[in-house]
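Each chain gets a letter, A, B and so on, in the order the sequences are listed, and its residues count up from 1. These numbers were taken from a predicted model, which means no experiment stands behind them.
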There are 2 protein chains.
Amino acid sequence: MVSSKKSPTIYDVARLSGVSISTISRVLNMPDKVNPETHKRVMDAIDKLGYVPRADARARALQNTDRIGVLTPFFTAPSFVQRLRGVASALSKANYELVIYPVDSMDHLQGYLSSIPLMRNIDGLIIMSLALGDQDAQRLITNGMETVMIEYSHPQLNSILINDTHGGQLVAEHLIKKGHKTFAFLGDIEPPERFAIHPVKSRLTGFKQSLQEAGFSLSKTYIRSVPYTPAETRQAAHELMSLPKPPTAIFAASDTQALSIMKVARQLGVKVPDDLAIVGFDDIDVAEHVDLTTVRQHLDESGRLAAEILLSRIGESERPLQHINLPLKLVERVTT
Amino acid sequence: MVSSKKSPTIYDVARLSGVSISTISRVLNMPDKVNPETHKRVMDAIDKLGYVPRADARARALQNTDRIGVLTPFFTAPSFVQRLRGVASALSKANYELVIYPVDSMDHLQGYLSSIPLMRNIDGLIIMSLALGDQDAQRLITNGMETVMIEYSHPQLNSILINDTHGGQLVAEHLIKKGHKTFAFLGDIEPPERFAIHPVKSRLTGFKQSLQEAGFSLSKTYIRSVPYTPAETRQAAHELMSLPKPPTAIFAASDTQALSIMKVARQLGVKVPDDLAIVGFDDIDVAEHVDLTTVRQHLDESGRLAAEILLSRIGESERPLQHINLPLKLVERVTT
DNA sequence: GTCGTTTATGAAAGTGCTTTCAGTTTAGCA
DNA sequence: TGCTAAACTGAAAGCACTTTCATAAACGAC
């Protein structure tokens with residue numbers, strides 16, 4: 001690789017156009033403050049040299065980076081991807097770059113949290129579905145790192161939440177209306193401690209609660225706590241369907257797990273929705289493809305909102321904190 | 001937000017520990033070159049102040065950014081996500097940050113290409129599924145921007161490719177072996193010009209060719225060029241299945257489109273695979289969930305490889321160019 | 001023709017680190 | 001005790017910009 005020609009700097013342009021570097025800078029940043037003739041001379045030089053200001057130098061002087069970071073576990077899981085899509089769409093409009101910090105262990109997270117605010121790598125931070133210790137939150141705050149959290153909240157940081165309990169209730173109501181009597185729940189109720197957020201638990205709570213209010217019970221046998229891995233999910237689904245009195249409806253706490261359940265049903269020859277109704281949660285893209293009834297939590301929107309809040313606070317840091325609650329909606333398709 | 005306390009700089013640490021800033025730098029970067037006592041004094045000061053070197057300042061001095069960029073269209077489509085996953089996994093091991101540049105228009109792409117190499121924002125670039133003009137390629141090269149391309153190649157840049165034609169052949173062979181006689185093809189043969197890469201066309205070519213060699217024909221009626229949108233894909237699928245003599249096997253050039261076809265089959269009561277076989281391409285995660293027969297192109301691996309090549313060249317820039325060809329494999333599941 | 005303004009420009013400081021170079025200290029050894 | 005080499009350390013330059021401040025020129029009004 002012939003990296004020969006070093007790209008021209010502001011000094012080269014200054015020399016060629018016979019003015020000082022400050023004038024170049026002015027031409028670029030406050031064009032109206034400079035004599036039209038000089039302006040032209042400078043622009044000519046810039047064109048001739050193919051000069052482009054270096055972002056990093058600019059960033060140092062400006063004390064901003066035009067870059068925002070997203071801290072996320074499994075950024076590759078469909079629901080996270082859809083949130084990222086929302087973030088990206090908001091950012092690209094504003095000409096911000098998107099940096100992704102994939103979190104796959106607690107150490108990782110701690111590492112990021114302790115260095116990010118001080119490194120000054122980014123202008124703002126979005127934290128997705130990750131719990132934050134009080135100390136970490138404080139560090140973000142005292143270092144003036146603008147932050148928006150999704151699926152977790154802290155009194156001094158912006159947050160975007162959904163009401164998981166209500167989501168569970170929606171599902172229960174829907175299934176009851178459909179005439180079901182035997183229900184089951186499947187989801188990762190106690191995720192690895194490192195993430196420490198428990199949306200699934202709340203979904204279960206709401207589900208169970210509405211069921212009980214309507215006079216139905218949801219005994220332990222019909223509640224399966226399973227990690228997100230397809231194999232284990234399928235195993236659990238299989239067990240549920242093999243019960244002496246199998247459920248006629250299963251609520252999966254995530255769409256991906258619902259997919260696994262559908263697969264098992266197919267293998268076992270269990271007819272969906274006739275023999276078994278299945279409801280998911282999230283409404284990821286594929287849910288529509290496979291006609292899965294699910295609870296829509298508007299993932300894209302949550303990401304877009306997070307980014308918008310961030311940008312508005314970066315621009316004008318004294319805006320009040322925002323704690324937003326996004327609505328949920330049950331989308332009925334053909335699995336119920 | 002109380003951004004009061006500015007984070008401490010190397011100067012603060014120097015003052016507190018009574019040495020010069022160069023020594024602080026040395027303690028951090030070449031610890032063995034410094035007296036153990038001094039080392040300890042400095043570390044104490046660092047701890048007391050909670051000092052963390054600012055990444056941007058460091059980057060300026062070091063002339064590197066520890067950051068690599070990925071230029072990708074629709075980074076949100078499953079296949080791109082899986083490649084990104086590969087990239088991310090390789091990067092996080094090496095402690096590099098991942099910056100995503102979503103390309104949604106030709107202008108966008110041009111903008112990135114003209115500024116990225118000169119801005120010096122990143123140490124390396126991965127370009128996914130995007131065609132590069134010769135001039136753009138030259139700019140990358142002359143500016144010494146290390147680059148790896150996926151799904152497109154340029155003689156002077158690293159590239160990772162698959163043999164799409166061969167992929168089409170694999171599908172044809174498989175379907176023929178299964179005893180099919182009437183075939184159809186569905187895919188985005190002529191994607192919007194801005195992306196200018198034509199993997200789908202090659203898949204069709206290979207498919208058609210193997211079919212013909214085996215004595216079967218694939219007439220225009222059975223070839224549908226359709227953009228990726230679910231609605232249009234479904235429409236086309238519907239048309240195919242409504243033909244006087246409907247195909248008994250459809251090859252969709254992407255898994256997502258195969259999903260749409262499956263949905264239509266379901267709606268129409270067409271039994272898969274008995275009445276209709278469906279084969280996809282890519283082997284994205286959901287393919288396994290829905291038991292879709294498809295051609296695996298090891299998306300994760302392509303991303304990981306791209307990142308690894310990049311990192312190795314960044315470390316040692318005189319390594320030879322690499323043009324890698326990734327193998328394809330037909331994965332038989334239950335839709336055929 | 002002088003004084004007060006406005007406008008255009010350059011010099012220089014600031015940004016926070018790395019690294020080279022030269023100087024100082026220390027240790028080892030005769 | 002004196003000398004040399006090795007180990008350590010600090011000053012300063014460099015990185016490529018922005019921005020403040022001061023100066024110079026041009027202009028108009030009296």
query = Does anything in residues 19-32 of chain B reach DNA chain D, meaning a heavy atom under 4.0 Å, and if so which residues?
reply = B:Val19, B:Ser20, B:Ser22, B:Thr23, B:Arg26

request  = State, with a plain yes or no, whether a side-chain heavy atom of A:Asn143 is found less than 4.5 Å away from one of A:Leu118.
outcome  = yes

Identified side-chain contact (heavy atoms from CB on, under 4.5 Å) partner of B:Arg41 from the options B:Leu16, B:Ile46, B:Val19, B:Thr23 =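 Filter result, single survivor: B:Val19.
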
Pairing of [X] and [Y] as salt bridge, 4.0 angstrom limit:
{"X": "B:Asp12", "Y": "B:Arg15", "value": "yes"}
{"X": "B:Lys40", "Y": "B:Glu37", "value": "no"}
{"X": "A:Asp56", "Y": "B:Arg120", "value": "no"}
{"X": "A:Arg319", "Y": "A:Glu146", "value": "no"}

Can a side chain N or O of [X] be found less than 4.0 Å away from OP1 or OP2 on [N]?
{"X": "B:Arg54", "N": "C:dC17", "answer": "no"}
{"X": "B:Tyr51", "N": "C:dC17", "answer": "yes"}
{"X": "A:Thr9", "N": "D:dC15", "answer": "no"}

Just how far, in rounded Å, is [atom2] of [N] from [atom1] of [X]?
{"X": "A:Lys33", "N": "C:dG10", "atom1": "NZ", "atom2": "P", "result": "17 Å"}
{"X": "B:Ile10", "N": "C:dC17", "atom1": "CD1", "atom2": "C1'", "result": "6 Å"}
{"X": "B:Asp12", "N": "C:dG16", "atom1": "CG", "atom2": "C1'", "result": "11 Å"}
{"X": "A:Tyr11", "N": "C:dG10", "atom1": "OH", "atom2": "P", "result": "14 Å"}
{"X": "B:Arg41", "N": "D:dG10", "atom1": "CZ", "atom2": "C1'", "result": "13 Å"}
{"X": "A:Arg15", "N": "C:dA11", "atom1": "CZ", "atom2": "P", "result": "14 Å"}
{"X": "B:Asn121", "N": "D:dC17", "atom1": "CG", "atom2": "P", "result": "13 Å"}
{"X": "B:Met119", "N": "D:dC15", "atom1": "CE", "atom2": "P", "result": "20 Å"}

request  = Go through C:dC17, C:dT9, C:dT15 for me and flag the one nearest to the A:Asn35 side chain.
outcome  =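 Of the candidates, C:dT9 comes closest.
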
ask   = Which of these nucleotides, D:dT9, C:dT18, D:dC17, is closest to any side-chain atom of B:Val34?
value = D:dT9

key: No-hydrogen, no-angle side-chain donor-acceptor test under 3.5 Å, A:Asp300 and A:Gln82   = yes

